[in-house]
Amino acid sequence: MSNFTRSNWTDEFSTPTVESLRSDIEQPTQALFDQARSMFLDLEEIEEDFSWYGECWHWAITFSLTDHDDDTPLGIIIPSPEDLQVAMPMDQEFHVSVPTKRMKRMIKDGFELAADPFHTSWAVWSISTTSMLTDIGQLAKQKLRWILDNH
């Protein structure tokens with residue numbers, strides 16, 4: 001008999017809970033998970049949900065604007081047990097509106113993945129420090145203001 005257990009994060013057929021996803025993450029990283037979640041939930045007009053993103057990101061916690069026509073989330077947490085990540089979809093208009101010269105290199109690197117020559121519209125960061133989350137949180141606030149002003 002096998003002792004294999006499927007991670008809550010990779011089980012496509014069972015919608016997870018925040019606690020089940022959090023429990024799959026190693027103890028030291030759980031604090032960063034909590035901070036990432038708070039970073040989004042502390043913003044105005046944000047609601048939390050879950051979405052399946054396929055074999056790449058599996059289950060992600062999504063943070064979207066309440067009462068907004070666009071179903072694209074403001075951002076997501078990818079609760080990979082080995083590599084906690086935060087991602088934000090970046091449309092071209094917002095991307096060019098953000099001054100990147102003063103960004104820290106680690107933030108700029110993730111942000112630039114959403115631009116040419118890459119074929120994705122997602123900025124993605126592996127979360128390793130609280131200061132990274134602070135910087136990403138500032139970017140999320142900027143994006144929220146931009147969405148509310150332009151849509």
Side-chain angles (χ1 to χ4, degrees), residues 8-12 14-25 29-151:
N8 295 303
W9 177 58
T10 61
D11 186 357
E12 177 181 2
S14 291
T15 304
T17 64
V18 169
E19 279 308 312
S20 69
L21 292 172
R22 186 181 186 277
S23 70
D24 285 344
I25 297 171
T29 309
Q30 287 181 358
L32 292 171
F33 173 87
D34 295 340
Q35 291 170 349
R37 195 166 163 246
S38 293
M39 172 188 78
F40 285 114
L41 290 174
D42 289 348
L43 298 172
E44 298 291 320
E45 302 180 47
I46 295 295
E47 64 185 10
E48 179 180 65
D49 203 356
F50 301 95
S51 288
W52 176 255
Y53 280 90
E55 288 302 313
C56 179
W57 287 344
H58 306 288
W59 282 107
I61 303 171
T62 60
F63 300 91
S64 303
L65 275 75
T66 54
D67 301 323
H68 199 263
D69 294 336
D70 188 4
D71 61 351
T72 304
L74 175 68
I76 65 174
I77 295 174
I78 305 157
S80 166
E82 295 84 28
D83 183 21
L84 178 66
Q85 298 175 340
V86 169
M88 284 192 282
M90 295 288 167
D91 45 20
Q92 185 64 26
E93 296 83 20
F94 173 69
H95 192 188
V96 298
S97 76
V98 177
T100 57
K101 286 185 182 194
R102 301 194 76 201
M103 279 185 183
K104 293 178 186 168
R105 185 82 207 151
M106 63 186 161
I107 302 303
K108 194 184 298 189
D109 287 348
F111 192 69
E112 289 176 349
L113 288 174
D116 288 333
F118 303 102
H119 298 288
T120 179
S121 61
W122 288 87
V124 182
W125 300 272
S126 291
I127 304 303
S128 58
T129 66
T130 298
S131 67
M132 278 186 80
L133 283 173
T134 301
D135 293 339
I136 294 167
Q138 291 302 317
L139 186 59
K141 287 177 186 175
Q142 258 185 294
K143 184 173 181 197
L144 178 60
R145 278 193 305 271
W146 185 85
I147 290 170
L148 294 174
D149 290 345
N150 292 290
H151 291 92

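Because the structure is a prediction, the values reported are computed rather than measured.
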**Message:** As a quick check of understanding, evaluate side-chain contact (heavy atoms from CB on, under 4.5 Å) for M103 and V98, giving each step before the final call.
**Reply:** CA-CA 10 Å; M103 279 185 183; V98 177; 3.4 Å; yes

**Prompt:** Which is it for L43 and F63 under the side-chain contact (heavy atoms from CB on, under 4.5 Å) test, yes or no, and what are the steps along the way?
**Reply:** CA-CA 10 Å; L43 298 172; F63 300 91; over 6 Å; no

**Message:** I'd like to know whether Y53 forms a side-chain contact (heavy atoms from CB on, under 4.5 Å) with I78, so could you lay out the CA-CA distance, the side-chain angles of the two residues, the decisive distance to 0.1 Å, and finally the verdict.
**Reply:** CA-CA 9 Å; Y53 280 90; I78 305 157; over 6 Å; no

**Request:** Test side-chain contact (heavy atoms from CB on, under 4.5 Å) on I61 and F40 and set out the steps.
**Result:** CA-CA 10 Å; I61 303 171; F40 285 114; over 6 Å; no

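Between the side chains of D49 and T62, not a single donor N or O lies within less than 3.5 Å of an accepting N or O.
I25 CD1 to F33 CZ: the interatomic distance, rounded to the nearest 0.5 Å, is 5.0 Å. Atom CH2 of W122 and atom CD of Q85 lie 11.5 Å apart (nearest 0.5 Å). For the atom pair D42 CG and R37 CZ, the distance stands at 10.5 Å (nearest 0.5 Å). Considering OG of S51 and CD1 of I76, their distance stands at 8.0 Å, rounded to 0.5 Å. Going from atom NE2 of H58 over to atom OG of S80 covers 7.5 Å, rounded to the nearest 0.5 Å. The OG atom of S128 lies 9.5 Å from the CG atom of L84; values are rounded to the nearest 0.5 Å.
Shown here are the side-chain hydrogen bond (donor to acceptor under 3.5 Å, both in side chains) partners of S131, two or more places apart in sequence or in another chain: T129.
Proximity of a side-chain donor or acceptor of N8 to a complementary backbone N or O of L21 within less than 3.5 Å is not detected. Within the 3.5 Å criterion, the main-chain N or O of Q35 finds no donor-acceptor partner in the side chain of S38. Between the side chain of S20 and the backbone N or O of T17 there is at least one donor-acceptor pair closer than 3.5 Å.
Between V18 and E48, the closest side-chain pair of non-hydrogen atoms falls below 4.5 Å.
Between P79 and A60 the shortest heavy-atom distance is CD-CA, 4.1 Å. Annotation for Q30 and R22: closest pair OE1-NH1, 2.9 Å, computed over non-hydrogen atoms.
Heavy-atom contacts from other residues, nucleotides or ligands closer than 6.0 Å to CD of E93 number more than 12.
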Would you list the atom pairs, donor with acceptor, under 3.5 Å between side chains in residues 132-148 and any protein atom, with sequence neighbours excluded?
{"unit_1": "T134", "atom_1": "OG1", "unit_2": "T130", "atom_2": "O", "d": "3.2"}
{"unit_1": "D135", "atom_1": "OD2", "unit_2": "K104", "atom_2": "NZ", "d": "3.1"}
{"unit_1": "K143", "atom_1": "NZ", "unit_2": "P89", "atom_2": "O", "d": "2.3"}

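A centroid separation of 6.0 Å or more is found between the aromatic rings of W59 and W9.
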